[in-house]
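Notes to accompany the following structure.
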Amino acid sequence: QVQLVESGGGSVQAGGSLRLSCVASGYNVSRHSMGWFRQVPGKEREGVAGVYSVSGTISTISYAETVKGRFTISQDNAKNVVYLQMNSLKPEDTAMYYCAASAGDVWYTGAPRVTGFNYWGQGTQVTVSS
C-alpha cells in the first residue's frame, strides 16, 4: 500500500522560507515521478513542481511559472523522501500543499498535472502573511 506523508508546513511572513518533506512508503520515489501540488478552498488543485524519473533515472524537473526561481524540488533516494524548498514566499503561495506519486512514466515541461499522478498525501498547510 502506497502512503505519502507530508510535513514542514506552517505560518511564515512574506519573504520567508519553508521546506516541505514527503516521506513515501510502499513506493520507491526514484521509480517513476513525484510532484507537489497546492490547493486553496474553492479552486482547483494546481501543480507546483515535478521531478520525473523514467526507469529509475531522473530525466527532468519542471515548475509552474508562478514559483520558478523561488521553489526547488529534490529527492533523497536513500531516505525515500521528496522535498520542496520554498523561498521568497508570497501571500499568494498560501494553500494546502500535497505530495503525489505516479504509477507510470509521466513528465511535463511546465506545471505537473493532477491527471498524471495516482497516489496522494493528506497535505500540509502553508500560510504566508503579508
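These figures come from a predicted structure and were not determined experimentally.
In the hydrophobic clustering of this structure, Ile73 groups with Val29; members are Ile, Leu, Val, Met, Phe, Trp, Tyr whose side-chain heavy atoms approach within less than 4.5 Å, directly or through other members. The hydrophobic cluster containing Phe37 does not contain Val23, counting ILVMFWY residues as joined when their side-chain heavy atoms lie under 4.5 angstrom apart, directly or transitively. Side-chain heavy atoms closer than 4.5 Å link hydrophobic residues (I, L, V, M, F, W, Y) into clusters, and following such links, possibly through other members, connects Tyr97 to Ile61.
Counting heavy atoms from C-beta on, the side chains of Leu84 and Met34 never come closer than 4.5 Å. Between Gln122 and Val5 the shortest side-chain heavy-atom distance does not fall below 4.5 Å. Contact annotation: the side chain of Gln85 approaches that of Ser17 to within less than 4.5 Å [non-hydrogen atoms, C-beta and beyond]. Annotation: side chain of Val126 is in contact with side chain of Leu18 (closest heavy-atom distance under 4.5 Å).
More than 12 non-hydrogen atoms from other residues, nucleotides or ligands lie less than 6.0 angstrom from CD of Glu92.
Atom CE of Met96 is separated from atom OG1 of Thr127 by 9.0 Å, given to the nearest 0.5 angstrom. Atom CD in Glu6 sits 5.5 Å away from atom CH2 in Trp36 (nearest 0.5 Å).
Val114 pairs with exactly one of Arg45, Gln39, Glu44 by the side chain to side chain contact (heavy atoms under 4.5 Å, CB included) rule, that one being Arg45.
In this structure, Ser62 contributes its side chain and Thr109 its backbone to no donor-acceptor pair below 3.5 Å. Not a single donor-acceptor pair under 3.5 Å links the side chain of Ser88 to the backbone N or O of Arg70. Here the side chain of Asn80 pairs a donor or acceptor atom with the backbone of Ala24 at under 3.5 angstrom.
No side-chain donor from either of Ser102 and Asn118 sits under 3.5 Å from a side-chain acceptor of the other.
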Exercise for the section: Verify side chain to side chain contact (heavy atoms under 4.5 Å, CB included) between Ser129 and Gln13, making sure each step is shown before the conclusion. Expected result: CA-CA 5 Å; Ser129 58; Gln13 290 191 328; 3.8 Å; yes

